[in-house]
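Written below as structure tokens is the structure these notes are about.
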Amino acid sequence: MSDAEFHRGIESRVLTVVEEVLSLDAGTARRDSSIQDDLGADSLDMLSLFTALQEEFGGSVDLDEAEGMSTLEDVIAYISTRVKTAADAG
Amino acid sequence: MPGERRVVITGTGVFCPNGSDVDEFWSNCLAGCGRVGRIPEHWLDHADLRSTLWAPLPELDLDGLGANRNERSQRDPVSLIGECAARQALAQAGHDLVLRDRRANAFGIPGVEAERAGIFVGTGIGGAHSFLGNFSHHLLGRAKREIEDLAGRLPPTMKEADELRMTGRRLVHPERFNAFAVSMLMPNATAAHLGQKFTFHGANVTTTVACAAGTVAIGQAFRAIQCGELDLALAGGCEYLRDDYGAIFRGFDIARTLVQDCSDPATANRPFDVQRSGFLLAEGGAGILCLEERGMALRRGATILAEVTGFAQTFDAHNMMSIAPDGRQVERMVRAAVADAGITPERVDYLNAHGTGTRINDAIESEVIARVFGPRVKVNSTKALTGHSIGASGALEAVVCAHSLAEQRTHACVNLQEPVADLAFVRSSGALEMDHALSQSFAFGGHNAALVFRRHQA
């Protein structure tokens, strides 16, 4: 799998999880969406989102990281790094 | 009494070992079908258990329930089976659900004033499943990784390496510590979940009086409607007793309360029989009733199953795990419940007993029934079919009373071959003319509670 395919796969899965957690119509969550301003997510929603991302991508996702993220691009980049690191380690 | 508000049952819902919905439950009760199975085999890796049987639950259909991703990961099973029963109760009562908040997956009920609708849920241990799961992650997560690391550092040929790996494999725990653990394990989680799910803003109450919890919850809902505080309540009991290691089961087992003779699963659970050897623990259960002020139910053309007419509770102040031998507080309680219903004991036609199958309970309960009601009242034990679901049991038995009165028939006291007392036990399922029924529950701690129901006549 190429790097581009890997990142597209992660992005697609993250956006699907975001739409499920926030009960959004399919296609509403976009890479450049602001989590708070565009999607209306508060701090508890972020906790729900990262709990769901842990389920989706495994325990290497750290709940503490949720606090510093403002766009879905941040989330996708973070998940991509964690998944790649976990794959390289093991 | 003129002007007094009357309380009726318009809907029932059940999720328990012998039924994943109320129709299946009731038809299995009438057919004498319970569900008994062996406990998970790996529990025996952790303790030498005396009892090896329980009543397992059917699988909950989460898609059918409409549970979203957040609810699946942020709710204890006890809340989800409670919702399953509550939805059935509302549907049977003829109440439609209208989606009110998509993100919260919450509904409203047209025609019901949300401020005058409440929730009353009884439970013995609430979200103990979530507590134990997260506790095992907290306790074992790092230790298990260290054991696996150590095993990996040992020469592969060493037999100790394999033994360490075996030990590590036995340390089961969830993959993560759930960020919502507190809101899952708290005893009031189910009542809160139901209140949010149906957007009820009236009283939201959790009763935690062990095996009497469901009965007390219904009693409190009855009072809240009777006194005018509410017009509608979802009331009952919910319990989930499974954990990864069988520690909850062990708690009951070590106290010698569970069935001791497990040689024949089909007949091990035998309340009121001289050969009884303890109760059959259920994996869990949920029973929810929709109670409404009678005038409101009639105005909207609801089918009324039965009326709730009486409630009383007393406390033994005797022993944490055993009913008082003289049964005086049980007797005082049933007499008060019957008086609350405005009748005398002779008018009670049918009694759904606590009937656990322990030697002490059934002996004392039988004596009290004989003393208060005499040999005429028909008696059965629903626990002979469902196992003992602790805080849910009284609610399941209230559901049985409602359908027994509505259909003028009830289920048999199964596995009863040689009765412990000369009472009119229901020996076969079938027609039974009855106007008044009573259901009673006794609990660890010393709590006693009873409800009285009346056949509804327009």
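Here is the naming used below: chain letters follow the sequence lines, and residue numbers restart at 1 for every chain.
Within residues 3-22 of chain A, the residues that have a heavy atom under 4.5 Å from a heavy atom of chain B are A:V17, A:E20, A:V21, A:L22, listed by number. When the heavy atoms of residues 39-47 of chain A are compared with those of chain B, the residues falling under 4.5 Å are A:L39, A:G40, A:A41, A:L44, A:D45, A:L47, listed by number.
Surrounding CD of A:E56 are more than 12 heavy atoms belonging to other residues, nucleotides or ligands, all under 6.0 Å away. Annotation for B:E160: atom CD counts as buried by contact number, over 12 foreign heavy atoms lying within 6.0 Å. Annotation for A:R30: atom CZ does not count as buried by contact number, only 12 or fewer foreign heavy atoms lying within 6.0 Å. Remark: B:F177 CZ is packed, more than 12 non-hydrogen atoms of other residues, nucleotides or ligands lying under 6.0 Å away. Heavy atoms from other residues, nucleotides or ligands lying under 6.0 Å from NE2 of B:H42 number more than 12.
Within the 4.5 Å cutoff, the side chain of A:L24 has heavy atoms near those of the B:R103 side chain.
Contact annotation for B:R102: both backbone and side-chain heavy atoms come within less than 4.5 Å of a heavy atom of chain A.
A distance of 8.5 Å separates CG in B:D101 from OG in A:S23, rounded to the nearest 0.5 Å. One distance of note links CD of A:E55 with CZ of B:R176; it measures 4.0 Å at 0.5 Å rounding. A distance of 8.5 Å separates CD in A:Q54 from CG in B:N178, rounded to the nearest 0.5 Å.
In terms of heavy-atom pairs under 4.5 angstrom with chain B, the leader among A:L49, A:L63, A:D25 is A:D25.
Residues A:T51 and B:Q74 have side chains that never bring a donor and an acceptor to within less than 3.5 angstrom of each other.
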